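Take a look at the structure set out below.
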Amino acid sequence: MSQNNSILGLSDLVVDRVERDQDIHVWAGPEGRPSCLYCGEGPVRIKATCHRTVKHTRQGNQLMVLHLRVPKYHCQRCNRYFRHRFTGIRPRLRATEGYRLEVFEAHDGGVSQSKLSLTHRIGSATVERWYQHHVRQRVLELSGRSCPRVLGIDEHFFSRKRGYATTLVDLKNHKVFDVVLGRSELSLRAYLSHLEGRDQVQVVVMDLSDTYRQIVQRYFPNAKIVADRFHVIRLVNHHFLKLWQQQDPVGRKDRGLLSLMRRHEWKLAPEQRANLARYFADFPILRALYTAKQQLARLLLIKNIRAKHAKHYLPKLLALLRQFAESPAKSLAKTLTSWIEPIVRMWRFSKSNGITEGFHTKMEMISRRAFGFRNFENYRLRVLAHCGWNGIINRV
Ligand SMILES: [Zn+2]
């Protein structure tokens, strides 16, 4: 590639001349003769030459227009004809792949169709067509990949009419694996029973939902369920706030107190701690609950430890749960006890559905930008194109 054409980003081109007016016009032709397209060998001769004009990337605010010499070859060995193929320019299209990509990325980043049709001199329908084409191509590249080894499962709201959808996330690679409409076993059955490589899944991270637990046990035979730290702590906090409401409905409404109660004890300043202590003086039961809740939160936040250390923490957790079982927090103790294995497994991992929650925020944005989706399949395509791959397109 000579210096002249390396700036074009297209290989195998020789630039003849460049002219600038309102646009940048580049006249170019192929660098050499290829071997035959059909038999792969054979001396080819140029039978005729035609011309082709394609739009290429913008430089600053100027549009680059390529005027290409396109030879038509004749293979003397197999006696067939073909036109020169340029890498990065597909046959019959009037723009290079680079140009189409530029439009896709700009539109994806939020530039409107009408603005793009002004800057790139294409119709707004073309913007839409190119955009859809890229989205479909991305999803096609994703299809056929096998199940992730570490899977996160969570539900999210899709629309008022169609209800909830289930998100499957590849937690190791930080990508959405798929979204499926529905959150019950019945609505996921068809999808899951056809899912390839289900037995490769080793770990499933999920909230404390019985439906998802049953689904995982049935469809992912080799997977171990790990509780999701975020959801477990949220559950504990939720129960605690309810108990507080029972103990002292007036104090529960105090926003300052609420903010103190919600925080981790070890993050409080000395005077904040004193404030809490003063409040607790009148509510001994609440104080006991608060202390136990803080101990529980400390235990739940443990991560990335070895099995032998986990064994050391387990008796502490069990003792704490027994203590809860004899307090007003009976129902919390019951739930946590029934999930004790997934919760203990949580200590060995650092992965949580925090990633999934992040994707849900992103999906909400996608949905808003499209003013909501009626068709779930369109929504799924969009989600996979945005969250299913790393967003970097390898240039052709
Ligand atoms: Zn040939």
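Not measured: the values here are computed from a predicted model. Every number for a ligand or one of its atoms is a count from 1 in the order of the listing. Any value given below was found using the heavy atoms of this structure, including those in side chains, with hydrogens, waters and symmetry copies removed.
For the side chain to side chain donor-acceptor pair (under 3.5 Å) test, no residue two or more places apart in sequence or in another chain qualifies with W130.
Under a 4.0 Å N-O distance rule, the pair R69/D16 qualifies as a salt bridge. Of the charged side-chain nitrogens involved, at least one lies within less than 4.0 Å of a carboxylate oxygen, so that D23 and R121 count as a salt-bridged pair.
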| message | Set out, in order, the CA-CA distance, both residues' side-chain angles and the distance that settles salt bridge (Lys or Arg N to Asp or Glu O under 4.0 Å) for E326 and R322, then state yes or no. | response | CA-CA 7 Å; E326 273 150 40; R322 272 197 298 277; over 6 Å; no

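L68 places a side-chain heavy atom less than 4.5 Å from the side chain of I89.
At a cut-off of 2.8 Å, measuring from the Zn ion (ligand 1), the protein N, O or S atoms that fall short of it are C36 SG, C39 SG, C75 SG, C78 SG, waters left aside.
Across all their heavy atoms, F86 and G29 have their closest contact at CE2-C, 4.4 Å.
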